[in-house]
Structures are given as C-alpha cells and as structure tokens.
Amino acid sequence: MAIIWTSDLYTGIAAIDQQHQQIVDYINQLEEIIGARQHHRVGPLLDKLVAYTFEHFAFEENLLEDAGYRFAKPHKVVHAIFAERIAGYRLRCNAGEDIAEPLHRMLIRWLNFHIKRDDMAYVNALKAWGGEGLLLSSFGRTVK
Ligand SMILES: [Fe+2]
Ligand SMILES: [Fe+2]
C-alpha cells in the first residue's frame, strides 16, 4: 500500500508541501525495495530519508520560531521523538535485522498523522505571519 499523495496532505505552503512530497517519495521507494526483495537497499535509503527528513524538520522549526508560533517548542519535541524512534530502526538494521516492513508501516502512519494533526495546526499562524511571500518561497531541492 503505497502512500498516495492526497489533497488532505497539502498545507498550502509551497516549500513545506514540496518537502513533504519528497519524504512521501522516499517512503514509496521503500515500498519498491520491499516489492523487489532488495532488502540490502534499505539501510542506504533509510540514511537518505533520515537526512532529508531532519533537514525538513530544521526548516520547519526555524520557520515556526521566526513566526513566533506558540507551539513551536512542542512541535520540535514531536520531531525529536520521531528522530529517536528512527534511530532505533537504524540500529536494528545495522544489526542485520530485516526492518523494511515495520519501518514502512511506521513511516506511513507517522507521516500521515504528523502532517494532518501537527503540521496542519501551524498553517494558519504561518500564513498570517508570512502571507504571500511564504507561499512563494521555495526550498527547491530534489533528491534521488
Ligand atoms: Fe512537523
Ligand atoms: Fe512537516
């Protein structure tokens, strides 16, 4: 079950949506790896996904702080909890455990839940602060 990018994942903030789509793309790549039974590719993909996701977190956290978003700190904590969780998967993967499927399920659940609940919660505050300029801003990085 691939994550299909659905309209309820759109925050309407271009740079953020672009980054979220890239993360979804990585999750879909993980599904391909599982389908192709190429589990040796899981570790390297996980590294790319983690690096990119952390970049996204930093981008989002800076924006929330600049905007004076009142839940900027708790949002950061939620990101940090995810970082710990994913580090646990990396360790298990390093130890030779096949984590592809549980990792895939966790990522789908986490991303859906986080975007729809936590990220959506800051959208109005960010838009009120950043206006059009924010909508047009671009992080603009494509990774493969
Ligand atoms: Fe977030
Ligand atoms: Fe996000």
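Residue numbers count from 1 along this sequence.
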- Message: Testing Thr53, Asp25, Asp119 one by one against His20 for a side chain to side chain donor-acceptor pair (under 3.5 Å), which residue passes?
- Response: Asp119
- Query: To the nearest 0.5 Å, how far apart are OH in Tyr89 and CG in Leu46?
  - Reply: 10.5 Å
- Item | Smallest separation among heavy atoms of Gly12 and Asp17, with atom names | N-OD2, 3.0 Å
- Message: Taking Leu64 as the starting point, is it possible to reach Ile81 by hopping between hydrophobic residues whose side chains are less than 4.5 Å apart?
- Response: no
- Give a yes or no on whether Phe59 and Leu111 share a hydrophobic cluster (residues Ile, Leu, Val, Met, Phe, Trp, Tyr; joining criterion: side-chain heavy atoms under 4.5 Å apart). yes
- Approximate separation, where rounding is to 0.5 Å, of Tyr69 OH and Trp129 CH2: 14.0 Å
- Note on the structure: One should read off an interatomic distance between His39 NE2 and Cys93 SG, to the nearest 0.5 angstrom, of 10.5 Å
- Is it the case that one hydrophobic cluster holds both Phe54 and Leu107, taking links as side-chain heavy atoms less than 4.5 Å apart, direct or via other members? yes
- Do the non-hydrogen side-chain atoms of Ile86 and Leu103 ever get within less than 4.5 Å of each other? yes
- Please tell me if the side chains of Glu65 and Glu61 come closer than 4.5 Å, counting only heavy atoms from C-beta onward. no
- Query: With a 4.5 Å heavy-atom cut-off, do Leu63 and Leu126 have their side chains touching?
  - Reply: yes
- Message: Ring centroids only, cut at 6.0 angstrom: are Trp5 and Tyr10 within range, meaning strictly under it?
- Response: yes
- Query: Between CE of Met120 and OG1 of Thr11, what distance do you get to the nearest 0.5 Å?
  - Reply: 6.0 Å
- Message: Are more than 12 heavy atoms, taken from residues, nucleotides or ligands other than Phe113, located less than 6.0 Å from that residue's CZ atom?
- Response: no
- Message: When you compare the side chains of Gln22 and His56, does any donor N or O come within less than 3.5 Å of an acceptor on the partner?
- Response: no
- Task: Check the pair Val50, Arg90 against side chain to side chain contact (heavy atoms under 4.5 Å, CB included), reporting the backbone distance first and the verdict last.
- Result: CA-CA 10 Å; Val50 164; Arg90 191 62 182 106; over 6 Å; no
- Query: Would Tyr122 and His75 count as a ring pair (Phe, Tyr, Trp, His ring centres under 6.0 Å) if you check the C-alpha gap in whole Å, the side-chain angles of each, and the deciding distance to 0.1 Å?
  - Reply: CA-CA 9 Å; Tyr122 65 60; His75 199 103; 5.5 Å; yes
- Query: Does the distance from a Lys or Arg side-chain N to an Asp or Glu carboxylate O, for Arg92 and Asp98, drop under 4.0 Å?
  - Reply: no
- Distance in Å, Ile99 CD1 paired with Leu91 CG, rounded so as to fall on 0.5 Å steps: 10.0 Å
- Ile16 side chain near Glu60 side chain, heavy-atom distance below 4.5 Å: yes
- Query: Do other residues, nucleotides or ligands put more than 12 heavy atoms under 6.0 Å from the NZ atom of Lys73?
  - Reply: no
- Query: Is the Trp110 ring parallel, tilted or perpendicular to the His114 ring (thresholds 30°, 60°)?
  - Reply: parallel
- How long is the span from the CG atom in Leu49 to the CG atom in Leu30, to the nearest 0.5 Å? 8.0 Å
